[in-house]
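Working notes, structure below.
Here the structure is a predicted model, which is why all the values come from computation and not from measurement. Proteins get letters first, then strands, A, B, ... in listed order; numbering begins at 1 in each.
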Amino acid sequence: MESLPDPEILLERLAEALRSRLEPGFALVGVHTGGAWLAERLHRELRPAAPLGILDISFYRDDFEQIGLHPQVKPSDIPFAVEDHPIVLVDDVLYTGRTVRAAMNELFDYGRPSRIWLAVLVDRGGRELPIAADFVGATISLPPEQHVELKRNGAGELSLALNNG
Amino acid sequence: MRAGHRDPQLDANGELNHLLTMEGLPAEIVFHILDTAKPFVSVTEREVKKLPLLRGKSIFNLFFEPSTRTRTTFEIAAKRLSADVVNLNVGASSQSKGETLLDTVANLSAMHADMFVVRHAQSGAAHLIAGHVAPDIHVINAGDGRHAHPTQALLDLFTIRHYKGDFSRLRVAIVGDVLHSRVARSQIHALTTVGVPEVRVIAPQTLLPRYVERLGVHVYHDMASGLRDVDVVIMLRLQNERMDGALLPSAQEFYKYYGLTEEKLMVARPDAIVMHPGPMNRGVEIDSGVADGRQSVILPQVTFGIAVRMAVMSILAGH
């Protein structure tokens, strides 16, 4: 089995890409929980003027009918005016694209952003929706029964782990 | 699961299928509802005050007894979740034509209802309906007779937790017409379930149910000792419309002894909050100065009530 990349290196790569390719003035919005950790780190590094935004997309999931409400929904917190604001949406793993769809729907309930980019730590393939990331830390290929998960320890260090099933 | 006895509001896995009463509702379900309600509070601060969770669902507000606030907050809660809401004031239609409760419900189920919110003057009405609907239909009790009003008790818990943080060190006093109050019964069950160590009821003997202390409350007959050092004061409405015997000399007399005034409130903790399920009778159970005063959280209760009802509906609909 191929070894997973070091998320600290990938995060540095993402920060560098955002810094060099985007005009300043964008806001960072992380998807709870892994994306929120990453967005928090990127926010510290890139220091955008807008405060950090966090989305919990539980109320926008398309599998609510099948699996019901997530047991622990956290409040979303978008502490800036979304209307006309350029936004970088940050998530840990891009897989089916359904989380990104839900996150964009939720963002639009706060207002109409002037533009949204998608930044992900890992693109693992397996898309079920026409969604692509603008910034990708690493691209890996995984079979459907395997999942890659971002973890954070007490010291705030990030790591990637593989789960089966 | 207790042998031979299954709570009709829980399914075989112990998950919430209907919300009928606070009595016997497991603490983990109560806390799940309170936790879920929290993110719904902030939805009202957004540009679009709507979530797509219940899109395509039909919710019937079945009110066999008049109510403005409860019906409206259920309606707003359902609409914020994108459900279609039908309000039926049944007292005015089918029942006067002789249709039975279950026939009314069967007819509405045939219109593809997903959820019933039921208010009825008879205790047990919501239970009866829950026992006769199809398995994928959920029932919420919005008040039945003198029995229960669980969403009111849940929003009271939410409000107390919002202001006090934690239930485990609180003294809570419930004041007034406990006898006729489904709200009080649900509050007592709710408060003991989440671990409030001291729940008091303060009322004249004539307005207390017999054996009320068996619910785990401390009984007081005067405000001066009952309100001493409490963290939360919950006033009940004097239920004029349910008062058929000579239980009280007069509303004035009641106000003199049990009406909450600034002066009586002085013996409570200085940071005590004052709650009331509404509608208030100013000058009967509560003084206007207290109702509008700095310790009053009566209007936040209404706001939180919407979030709590959204949480209950989402948990049931996702079941």
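- Around the CZ atom of B/Arg71, the shell of radius 6.0 Å holds more than 12 heavy atoms that belong to other residues, nucleotides or ligands.
- More than 12 heavy atoms of other residues, nucleotides or ligands lie within 6.0 Å of CZ in A/Arg19, so this atom counts as buried by the packing criterion.
- Under the 4.0 Å criterion applied to side-chain N and carboxylate O atoms, B/Arg55 and A/Glu65 are not assigned as salt-bridge partners.
- The environment of B/Lys164 atom NZ is dense: over 12 non-hydrogen atoms of other residues, nucleotides or ligands sit within 6.0 angstrom.
- Under a cut-off of 6.0 angstrom, the local environment of CD in A/Glu8 is crowded, with over 12 non-hydrogen atoms contributed by other residues, nucleotides or ligands.
- Legend: residues meeting ring pair (Phe, Tyr, Trp, His ring centres under 6.0 Å) with B/Phe40, ordered by chain and number and at least two apart, are A/Phe59.
- With a 4.5 angstrom heavy-atom cutoff, A/Ile78 does not touch chain B via any of its atoms.
- In this structure, the portion of B/Leu54 lying under 4.5 Å from any heavy atom of chain A is its side chain and not its backbone.
- At most 12 non-hydrogen atoms from other residues, nucleotides or ligands lie less than 6.0 angstrom from CD of B/Glu23.
- When all heavy atoms of A/Leu69 and B/Ser314 are compared, the closest pair comes out as CD2-CB, 3.8 Å.
- Only the side chain of B/Ser42 has a heavy atom closer than 4.5 Å to any heavy atom of chain A.
- Crowding of A/Arg47 atom CZ: a count of heavy atoms from other residues, nucleotides or ligands under 6.0 Å not exceeding 12.
- The side-chain contact (heavy atoms from CB on, under 4.5 Å) test with B/Pro39 singles out one residue from A/Pro75, A/Ser58, A/Ser76, and that residue is A/Pro75.
- With a 4.5 Å cut-off on non-hydrogen atoms, B/Lys50 touches chain A through its backbone but not through its side chain.
- Using a 4.5 Å cut-off on side-chain heavy atoms (C-beta onward), B/Val43 and A/Asp109 make no contact.
- Atom CD of A/Glu106 is separated from atom CG of B/Leu51 by 7.5 Å, given to the nearest 0.5 angstrom.
- Closest approach of A/Tyr110 to B/Glu47, counting heavy atoms only: O-CB, 3.5 Å.
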